[in-house]
Amino acid sequence: MFLVVPDPAHGLVAAPQSPDDLTPDTREALTVQGFTWDSNIEAYTRQTGHGPDDVDHTADSLRARGHYAFSAYRPLPKR
């Protein structure tokens, strides 16, 4: 299971519930989308693309790989 949300400090976040969710196919799919692993928060993050379409695309990509993916969108505050 994954949570996909925009976060003011980390950009777009795709957070797995457990390490078992991080299959090789899932890791590759997120990396191709520009995500990198952030071990401090134990999630994949991407600084660009925080809109609703980006959230939906990432969540749909995870669902296509057999994961449950919960997603939410709230605009990031302007800096």
Side-chain angles (χ1 to χ4, degrees):
M1 181 173 13
F2 277 81
L3 174 64
V4 180
V5 294
D7 176 77
H10 299 98
L12 186 58
V13 175
Q17 180 180 20
S18 78
D20 294 338
D21 295 317
L22 298 174
T23 64
D25 182 48
T26 300
R27 289 176 190 269
E28 180 180 353
L30 290 168
T31 301
V32 166
Q33 292 180 46
F35 286 88
T36 57
W37 181 252
D38 184 331
S39 59
N40 292 324
I41 63 169
E42 296 186 351
Y44 276 89
T45 63
R46 182 177 76 193
Q47 290 300 317
T48 59
H50 309 116
D53 291 340
D54 300 301
V55 172
D56 288 344
H57 174 75
T58 301
D60 289 344
S61 171
L62 292 165
R63 290 181 190 115
R65 286 163 176 76
H67 298 286
Y68 290 106
F70 295 93
S71 60
Y73 177 76
R74 181 174 168 199
L76 294 176
K78 298 208 187 252
R79 295 182 181 183

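We count residues from 1, following the sequence as given.
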**Q.** Distance-minimising heavy-atom pair for Ala72 and Pro6
**A.** O-CD, 3.3 Å

Q) Pairs in or reaching into residues 15-35: which pass ring-ring contact (aromatic ring centres under 6.0 Å, His included), with residues at least two apart or in two chains? A) none

**Q.** Distance, nearest 0.5 Å, that separates CZ of Arg46 from NE2 of His10
**A.** 15.5 Å

**Q.** With sequence neighbours excluded, residues passing side-chain contact (heavy atoms from CB on, under 4.5 Å) with Tyr68
**A.** Met1

Q. Quick one: are Val4 and Leu12 in side-chain contact, heavy atoms under 4.5 Å?
A. yes

Q: Provide the full list of ring-ring contact (aromatic ring centres under 6.0 Å, His included) pairs with a residue in residues 11-34, sequence neighbours left out, each pair given once.
A: none

Q: Nearest 0.5 Å please: distance from the OG1 atom of Thr58 over to the CD atom of Gln33.
A: 4.5 Å

Q: Would you please name every residue forming a side chain to side chain donor-acceptor pair (under 3.5 Å) with Thr23, sequence neighbours left out?
A: Thr26

Q: Just jot down the side chain to side chain donor-acceptor pair (under 3.5 Å) partners of Asp25, sequence neighbours excluded, or say none.
A: Arg65

Q. By side-chain contact (heavy atoms from CB on, under 4.5 Å), which residues pair with Thr36, not counting sequence neighbours?
A. Thr45

Q. What pairs with Gln17 under side chain to side chain donor-acceptor pair (under 3.5 Å), at least two apart in sequence or on another chain?
A. none

Q | Which residues share a side chain to side chain donor-acceptor pair (under 3.5 Å) with Asp60, sequence neighbours left out | A | Arg63

Q) Same cluster or not: are Leu30 and Val55 linked, directly or through other Ile, Leu, Val, Met, Phe, Trp or Tyr residues, by side-chain heavy atoms under 4.5 angstrom apart? A) yes

Q | Residues that Leu22 engages under side-chain contact (heavy atoms from CB on, under 4.5 Å), provided they are two or more places apart | A | Phe2, Pro16, Arg27, Trp37, Tyr44

